[in-house]
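The first residue of the sequence shown is numbered 1, and numbering continues consecutively from there. Whatever order the structure lists ligands and atoms in, that order sets their numbers, starting from 1.
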Amino acid sequence: MMVVMTPEATPEQIEAVVRKLEARGVHAKVMPGELTTAIGAIGDPEGVRELGLEGLAGVDQVIPISRPYKLASSELSHHAQSVFEVDGRRVGAADTFCLIAGPCTVESPEQTRVVARVVAEAGASMLRGGAFKPRTSPFSFQGLGYDALEILTEVRAETGLPVVSELTSAQHADRFAESVDVVQVGARNMQNYGLLEVVGKLGKPVLLKRGLSSTLDELLMAADYVLKEGNERVILCERGIRTFETAMRFTLDLGAVPWLKLHTHLPVIVDPSHASGDRRLVGPLARAAAAAGADGIIVEVAEDPEAALCDGPQQLYAKDFPAFAADVAAHARLLSKELA
Ligand code: PEP
Ligand code: MN
């Protein structure tokens, strides 16, 4: 429910509404606007109705919010679009495009450093690199773990690129808070609600990937888990979903980009690497994502993908990355977006 205050409502009257909601166990989010303040009342709508808030001083009206997701909804936001910075790089702004690139997995200092230099030079705004890998088989390479976080920290210092890495377990959360600039929640953990709450409390920007078989409503409700902990810096990522089509690794749902832009204020990026599983498709899909209005992309790049321990076939050759980046930037420019 949304409680809309009158233009004359005093701070004390707003506070009284918040107290009444919280006493009922309802999450209250105060959104000061230019004319009036609105208060998002997130909890059981029946319970909110029973509070009879319409009768309180300063309250203009109480209106239902129709969507199943609340904090992520563009209905319940005082800004049309969330814009924030990751180490000085703007994410979500109408005029910026965020290029996140790097190896699938951190395998050694040298392998990571070489790619980081190439992508930084070509205009990437952040470096990706897996430390703990969510592998389908427990017998596949699982990542270098904490050693990878140390490598990322070194490479960040050398290149100035903020780093994105995936957190797979709440156990590692404190180390991630120290070492990474953006905490990724992978597709397989999108509905790991305990992990989402932990990530919400870390106070770091979060890159939340859409689950392999999750609807967009479910993605936005997952984002609500992070947002309700007071962490507003959430980036959504479309990374392909399971459909009847098996020609590609997943089906990239490009319609998700404009749909999410309509229904949420959160920045939206696309991962054409994991969606397609094939580097030959990454360029066209990345360009399409940029032209569809995405706020950025995240792509995998390796100097020698054939030797990669994970996801070799989809990683772009580092030598091809500058041309790839220029091409994507040209498509982002169609929508007046420049590389962040
Ligand atoms: C990744 O980005 O490294 C990854 C494993 O992606 P996803 O969770 O989308 O499969
Ligand atoms: Mn990968």
Parallel, tilted or perpendicular, as decided by the 30° and 60° cut-offs, for the rings of Phe132 and Phe176: tilted

The Mn ion (ligand 2) to Glu300: nearest N/O/S atom name: OE2

Asp311, N/O/S atom nearest the Mn ion (ligand 2): OD2

Identify, by atom number and element, the atoms of ligand 1 in contact range of [X], meaning under 4.0 Å from any of its heavy atoms.
X      : answer
Arg128 : 1 (C), 2 (O), 3 (O)
Lys133 : 3 (O)
Arg188 : 7 (P), 8 (O), 10 (O)
Gly186 : 8 (O)
Arg239 : 7 (P), 9 (O), 10 (O)

Salt bridge Arg24-Asp44, side-chain N to carboxylate O under 4.0 Å: no

Ion pair check, Glu197 and Lys228, cut-off under 4.0 Å: yes

Please write down residue, atom name and distance for the protein heavy atom closest to [atom].
atom                   : value
atom 6 (O) of ligand 1 : Lys209 NZ, 2.9 Å
atom 5 (C) of ligand 1 : Glu166 OE1, 3.7 Å
atom 8 (O) of ligand 1 : Ala187 N, 2.8 Å
atom 4 (C) of ligand 1 : His274 NE2, 3.5 Å

Backbone or side-chain N/O/S of Cys104 under 2.8 Å of the Mn ion (ligand 2): yes

Looking at [atom1] of [X] and [atom2] of [Y], how far apart are the two atoms once the value is rounded to the nearest 0.5 Å?
X      : Y      : atom1 : atom2 : value
Leu152 : Tyr146 : CG    : OH    : 14.0 Å
Cys237 : Asp295 : SG    : CG    : 11.5 Å
Ile235 : Phe84  : CD1   : CZ    : 4.5 Å

Modelled atom types, side-chain donor and acceptor of Tyr225 and Gln191, under 3.5 Å: no

Test item: side-chain donor near acceptor, Gln184 and Arg128, under 3.5 Å: no

